[in-house]
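Report on one structure; see the data block that follows.
What you see below is based on every heavy atom in this structure, not just the backbone, and it leaves out hydrogens, waters and symmetry mates.
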Amino acid sequence: MSKTLAQVHALLLVSAVALSTEDLMEQLKISRGNASMTVRELLDWGLIYKELRPGERREYFVAEKDMLQVTRCIIRARKRRELDQMKRSLDQLAALPGDPANAEYRAFHSALTDIQQLATVSDKLLNRLMHAEKSWFWDKFIKLFM
């Protein structure tokens, strides 16, 4: 997550009213291009929404305020961009031919299997977090620290 992405998200998160791209540019001292690209990425992540105003040509944006939903959006985006791609790469590596009698191949295959298992467990955990109800999530989260 870039610095500008975090700044725009934070500003929209704490703002009581929807802000336009021009508002974001002015308050954060960023260029139109940077603001537009950042807004587009935040929309793709599902962290912000457009707010339509009748008679206005400007687009206004508001952040998702429910922190569990924000967490779900971030998990979904990071999982798609990182974990899912890693799992595909691991599957391709596991499909490579090799000689099981070779010690290097066995060591490589053993490490690869361990990484695949970790990726699978992580995937299941993230899927569960994305579909968790608010009460379940907070109950489990708080128990981690108490």
Side-chain angles (χ1 to χ4, degrees), residues 1-98 104-105 107-146:
M1 184 177 273
S2 72
K3 178 182 174 183
T4 305
L5 191 82
Q7 288 175 323
V8 170
H9 185 232
L11 179 58
L12 288 170
L13 204 62
V14 299
S15 179
V17 296
L19 300 175
S20 69
T21 304
E22 288 75 16
D23 297 329
L24 297 170
M25 291 167 40
E26 181 182 317
Q27 291 188 38
L28 297 174
K29 308 289 187 245
I30 57 176
S31 69
R32 179 173 302 282
N34 196 0
S36 295
M37 286 178 21
T38 301
V39 164
R40 193 170 334 139
E41 189 168 355
L42 287 168
L43 286 167
D44 288 344
W45 282 52
L47 293 172
I48 66 171
Y49 307 97
K50 287 183 184 179
E51 185 179 278
L52 301 177
R53 293 185 180 174
E56 285 275 347
R57 288 186 54 169
R58 287 185 180 175
E59 292 181 325
Y60 289 85
F61 305 96
V62 62
E64 173 63 58
K65 305 288 188 196
D66 179 348
M67 286 299 109
L68 181 56
Q69 188 59 32
V70 169
T71 302
R72 286 181 180 137
C73 290
I74 292 170
I75 288 172
R76 187 178 309 111
R78 299 289 302 261
K79 181 183 169 308
R80 184 182 67 237
R81 292 176 181 196
E82 297 167 22
L83 184 61
D84 292 347
Q85 288 181 10
M86 182 182 84
K87 286 180 67 180
R88 281 191 295 275
S89 296
L90 291 170
D91 290 343
Q92 289 173 351
L93 285 172
L96 292 175
E104 287 181 0
Y105 173 81
F108 171 76
H109 199 269
S110 175
L112 185 61
T113 300
D114 289 347
I115 295 169
Q116 283 180 301
Q117 288 174 348
L118 177 62
T120 299
V121 168
S122 299
D123 190 43
K124 287 178 184 178
L125 175 65
L126 294 175
N127 282 330
R128 192 161 181 191
L129 283 173
M130 283 190 298
H131 297 98
E133 291 186 27
K134 199 172 213 167
S135 61
W136 177 90
F137 176 82
W138 289 118
D139 182 49
K140 298 296 182 198
F141 186 75
I142 289 170
K143 284 182 182 178
L144 283 173
F145 298 102
M146 298 193 136

### Task
Let me know which of N34, L24, L47 forms a side-chain contact (heavy atoms from CB on, under 4.5 Å) with V8.
L24
### Query
Partners of E82 by salt bridge (Lys or Arg N to Asp or Glu O under 4.0 Å), sequence neighbours excluded?
R78
#### Entry: Contacts of type side chain to side chain contact (heavy atoms under 4.5 Å, CB included), residue K87, not counting sequence neighbours
L83, A119, D123
### Summary
So CG of D44 and SG of C73: to nearest 0.5 Å the spacing works out to 11.5 Å
### Query
Under the 3.5 angstrom rule, does the side chain of K50 hit a backbone N or O of Y60 as a donor-acceptor pair?
no
### Query
How would you list, by chain and number, every residue that makes a salt bridge (Lys or Arg N to Asp or Glu O under 4.0 Å) with R32, sequence neighbours excluded?
E22
### Message
So which atom in S15 and which in K65 form the shortest heavy-atom distance, rounded to 0.1 Å?
### Response
O-NZ, 3.0 Å
#### Entry: Spacing of L93 atom CG and S89 atom OG [to the nearest 0.5 Å]
7.0 Å
### Message
Distance check, rounded to the nearest 0.5 Å: T38 atom OG1 versus L5 atom CG?
### Response
6.0 Å
### Query
Under 4.5 Å between any side-chain heavy atoms of K79 and N127, yes or no?
yes
### Query
Could you walk me through whether E64 and W45 pass the side chain to side chain contact (heavy atoms under 4.5 Å, CB included) check?
CA-CA 11 Å; E64 173 63 58; W45 282 52; over 6 Å; no
### Query
Say you draw a straight line from CD of E59 to CG of L43; how long is it, rounded to the nearest 0.5 Å?
8.0 Å
### Query
Are side-chain heavy atoms of T71 and I74 found at a separation under 4.5 Å?
no
#### Entry: Between OG on residue S122 and CD1 on residue I115, distance to nearest 0.5 Å
11.5 Å
### Message
Are there over 12 heavy-atom neighbours, none belonging to K124, within less than 6.0 Å of that residue's NZ?
### Response
no
### E56 atom CD, over 12 foreign heavy atoms within 6.0 Å
yes
### side chain to side chain contact (heavy atoms under 4.5 Å, CB included) between D84 and R88, intermediate numbers included
CA-CA 6 Å; D84 292 347; R88 281 191 295 275; 3.9 Å; yes
### Task
Might you point out which heavy atoms bring A94 and Q116 nearest each other, and give the distance in Å?
CB-NE2, 3.8 Å
### Summary
L90 and L112 have their tightest heavy-atom pair at CD2-CD1, 3.3 Å
### Task
Please examine the side chains of L96 and H109, heavy atoms only from C-beta on, and report whether any two atoms are closer than 4.5 Å.
no
### Message
For a quick test of reading the model, state the closest non-hydrogen atom pair linking T21 to F61 and the distance between them.
### Response
OG1-CE1, 3.5 Å
### Message
Apply side chain to side chain contact (heavy atoms under 4.5 Å, CB included) to residues V70 and H9 and explain how you reach the verdict.
### Response
CA-CA 11 Å; V70 169; H9 185 232; 4.1 Å; yes
### Message
Are more than 12 heavy atoms, taken from residues, nucleotides or ligands other than M37, located less than 6.0 Å from that residue's CE atom?
### Response
no
### Residue pair Q27 / L11: nearest heavy atoms and the distance that separates them
OE1-CD1, 3.4 Å
### Query
What are the two closest non-hydrogen atoms of E26 and K29, and how far apart are they?
O-NZ, 3.1 Å
